[in-house]
There are 2 protein chains.
Amino acid sequence: MVLTTQRKAIIEELKKLKTHPTADQFYEVMRRKTPKISIASVYRNLEVLSSAGMIAKLEVSGTQNRFDGDISMHYHLKCSKCGGFVDFSPKGSKTLSKSLDKVKELNMNIDNFNIVFNGLCDKCK
Amino acid sequence: MVLTTQRKAIIEELKKLKTHPTADQFYEVMRRKTPKISIASVYRNLEVLSSAGMIAKLEVSGTQNRFDGDISMHYHLKCSKCGGFVDFSPKGSKTLSKSLDKVKELNMNIDNFNIVFNGLCDKCK
DNA sequence: ATCGCTGCAAATCTTTTGCAGTAAG
DNA sequence: CTTACTGCAAAAGATTTGCAGCGAT
């Protein structure tokens, strides 16, 4: 996997966003910067970069995948009112993280996991 | 929401399956029993029935939603080798469930959550 | 010169929708 | 009779693919 100029730009732009865009939303963002980029390359590169662990793919939200430039461990909430998809630190998340670490430690066959909370975001509640 | 003959049949068939089918996979299953059923009705009814809480929609797996006739609390694993989607009781799951209950209890804005583990299933490991 | 990456357009796959007909009270 | 449900076909939406050209060693 070659880290081309385009791929570097994708990583850089994605890291700036806190919106966890879908591939087509992110295509619109990239297009403003580099109008000749194709949607095929966006799909392809988001896939390639997430497989390489350089960005995160959130395989949770209904239908479309979402992508996140922040690859550190954190949780997400899908707002049932505004539909937004936001970073989320629920009360009790430290205990939860410990439980999840423990589960991963005890079950060697688990690579990772996806978890998304559904409810009202701070703005909507 | 009317619990029509068709909807009862959908619930009944889905409860028999342990494969957590996608809507189109489930359409094929239903079609064998009732050939004139349309895929539109399958999509519509899986949506309606999961909104009514009579079946579970697993909004986690990459792209397509999957459906489960078992609405009790349990975990799922997506196998990275065979692609299967199976019920899963990891070691440490009781502690995990407690942590998750606690998070829901402490954060009144959370309705529910989706969690899926990625790794090797029993057959593939 | 090579080999992987990219843009373009077409193809494919998945899901939703409009509408006319049907079913059940 | 009324109202919600259903099948059909078309539309819409999302993602992938073939291929020729490009770009960076």
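Proteins get letters first, then strands, A, B, ... in listed order; numbering begins at 1 in each. When reading the values below, keep in mind they use all heavy atoms of this one structure, side chains included, and skip hydrogens, waters and symmetry mates.
- Residue A:T4 places none of its side-chain N or O atoms closer than 4.0 Å to OP1 or OP2 of C:dC5.
- Between A:N45 and C:dC5, a side-chain N or O to OP1/OP2 separation shorter than 4.0 Å is absent.
- Taking atom CZ of residue B:F26 and atom P of nucleotide C:dT14, one finds them 17 Å apart after rounding to whole Å.
- To the nearest angstrom, P of D:dT16 lies 11 Å from CG of A:L46.
- A:I39 places its CD1 atom 8 Å from the C1' atom of D:dT15, with the value rounded to the nearest Å.
- Between the NZ atom of B:K36 and the P atom of D:dA9 there is a distance of 16 Å, given to the nearest Å.
- When each of C:dT17, C:dC8, C:dG4 is scored by its nearest atom to the side-chain atoms of A:R44, the top-ranked nucleotide is C:dC8.
- Nucleotide C:dG4 holds its P atom 16 Å from the CG atom of A:L3, rounded to whole Å.
- Results of the side-chain contact (heavy atoms from CB on, under 4.5 Å) test with A:F26 over A:N45, A:T19, A:L46 single out A:L46 as the only residue that passes.
- Aromatic pair B:F117/B:F88: centroids less than 6.0 angstrom apart.
- The side chain of A:Q6 contributes an N or O atom lying less than 4.0 Å from OP1 or OP2 of C:dG7.
- Side chains of A:N112 and B:N118: a donor-acceptor N/O pair is present below 3.5 angstrom, by distance only.
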For B:E47 and B:N65, what are the C-alpha separation, side-chain angles and deciding distance, and is it a side-chain hydrogen bond (donor to acceptor under 3.5 Å, both in side chains)? CA-CA 10 Å; B:E47 198 56 44; B:N65 288 328; 5.2 Å; no
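- By the 6.0 Å contact criterion, NZ on A:K15 is enclosed, its count of non-hydrogen atoms from other residues, nucleotides or ligands being greater than 12.
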Take B:Y27 and B:T22 through the test side-chain hydrogen bond (donor to acceptor under 3.5 Å, both in side chains) and record every step on the way to the result. CA-CA 9 Å; B:Y27 167 61; B:T22 59; over 6 Å; no
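- Rounded to a whole Å, the CG atom of A:L49 is 11 Å from the P atom of C:dC5.
- You'll find that the side chain of A:R7 is closest to C:dT6, out of C:dT15, D:dA4, C:dT6.
- For the pair B:P35 and B:V2, both in contact range of DNA chain D, the more 5′-proximal nearest nucleotide belongs to B:V2.
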Where do N or O atoms of nucleotides 10-14 of chain D meet protein N or O atoms at under 3.5 Å, pair by pair?
| residue | atom | partner | partner atom | Å |
| --- | --- | --- | --- | --- |
| D:dA14 | OP1 | A:Q64 | OE1 | 3.2 |

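- Atom CD of B:E47 and atom P of D:dC5 are 14 Å apart (whole Å).
- Considering only side-chain atoms of B:S38, the nucleotide from D:dC5, D:dC19, D:dC8 that sits closest is D:dC8.
- Taking atom OH of B:Y27 as the reference point, atom C1' of D:dT6 lies 13 Å away to the nearest angstrom.
- Results of the side chain to side chain donor-acceptor pair (under 3.5 Å) test with A:D68 over A:H76, A:K18, A:K57 single out A:H76 as the only residue that passes.
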